[in-house]
Amino acid sequence: MRHWLLKSEPSTFSFEDLKSSPKRRTPWDGVRNYQARNFIRDGMAKGDLAFFYHSSCPEPGIAGIVRIVSAAYPDDTAFDPRSKHFDLASDPKSPRWYMVDVAYERALKKPITLRELKKYEDDSLAGLALLRRGNRLSVMPVSTAEWKFILSLET
DNA sequence: GCCAACGTTGGC
DNA sequence: GCCAACGTTGGC
């Protein structure tokens, strides 16, 4: 099983929003970056776990854990002219963008802030994509070692 | 294929 | 609100 980190702006869709969604699940739509698309389409599998990260907010950090509960499938918001994520170049016969469904797994005992993660950017989390300078990916892999280390910060 | 212009992201 | 970093676009 692989591990991931998914970013979302809580003012748009927060971890709490996911918890109160029907069946506590949602399609992770609107990803419009090729590298992120490739992680979703080619890397994710049903059953994988991901950190739910809150960005662009007063205290950026990991709020909880979600599970990938579907295989990747075409992001149909790209085909909808009324959608904010509409992309004229995505042809239903050859979809450009993909998404998965994610489900609420559990909250963390306490949120793990970006500030805290940065304390380890020179050792245990030196390879964490989130901490790479200038990183703007909204979907990125987390190694098993990084995953375990971050969870150890929970208590 | 190069690269300037532009738009977006996201921490601060 | 600022600005650095980065991806995308489009003229050439």
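Both backbone and side-chain heavy atoms feed into the values below; hydrogens, waters and symmetry mates do not.
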Enumerate donor-acceptor pairs with a distance under 3.5 Å from any side-chain N or O in residues 58-69 of chain A to protein atoms, sequence neighbours excluded.
from	atom 1	to	atom 2	distance (Å)
A/Glu59	OE2	A/Arg115	NH2	3.4
A/Arg67	NE	A/Glu105	OE1	3.1
A/Arg67	NH1	A/Gly47	O	2.7
A/Arg67	NH2	A/Glu105	OE2	3.1

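- The CG atom of A/Asp29 sits 15.5 Å away from atom OH of A/Tyr98, with the distance rounded to the nearest 0.5 Å.
- For A/Phe86, there are no ring-ring contact (aromatic ring centres under 6.0 Å, His included) partners, not counting sequence neighbours.
- Atom NZ of A/Lys148 sits in a sparse spot, with 12 or fewer heavy atoms from other residues, nucleotides or ligands closer than 6.0 Å.
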N/O donor-acceptor pairs under 3.5 Å from side chains in residues 117-128 of chain A, not counting sequence neighbours:
none

Could you walk me through whether A/Ser143 and A/Arg2 pass the side chain to side chain donor-acceptor pair (under 3.5 Å) check?
CA-CA 8 Å; A/Ser143 75; A/Arg2 295 194 215 185; over 6 Å; no

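- Rounded to whole Å, the distance from CZ on A/Arg96 to C1' on C/dT9 is 12 Å.
- To the nearest 0.5 Å, atoms CD1 (A/Ile40) and OG (A/Ser138) are separated by 6.5 Å.
- Side-chain N/O atoms of A/Trp97 and A/Asp87 include a donor and acceptor closer than 3.5 Å.
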With the sugar-phosphate defined as primed atoms, P, OP1 and OP2, and the base as all remaining atoms, what B/S/- string results for nucleotides 3-8 of chain B, 5' to 3', for protein heavy atoms under 4.0 Å?
----BB

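- Rounded to whole angstrom, the span from the CG atom of A/Leu130 across to the P atom of B/dG10 amounts to 10 Å.
- For the helix from B/dG1-C/dC12 to B/dC12-C/dG1, the rotation axes defined at the first and last 5 base pairs enclose an angle of 10°, given to the nearest 10°.
- In this structure, A/Arg133 places its CZ atom 14 Å from C1' of B/dG10, rounding to the nearest Å.
- Between the C1' atom of B/dT9 and the CZ atom of A/Arg32 lies a distance of 16 Å, rounded to the nearest Å.
- Between atom NE2 of residue A/His85 and atom OG1 of residue A/Thr77 there is a gap of 5.5 Å, rounded to the nearest 0.5 Å.
- Only A/Tyr53, A/Ser55, A/Ser56, A/Pro60, listed by number, bring a heavy atom of residues 52-61 of chain A to less than 4.0 angstrom from any atom of DNA chain B.
- Here A/Lys7 does not reach the OP1 or OP2 of B/dT9: none of its side-chain N or O atoms lies under 4.0 Å away.
- Between A/Phe52 and A/Trp28, the distance from one ring center to the other falls under 6.0 angstrom.
- In terms of heavy atoms, A/Ala71 sits closest to A/Tyr73 at O-CD2, 3.4 Å.
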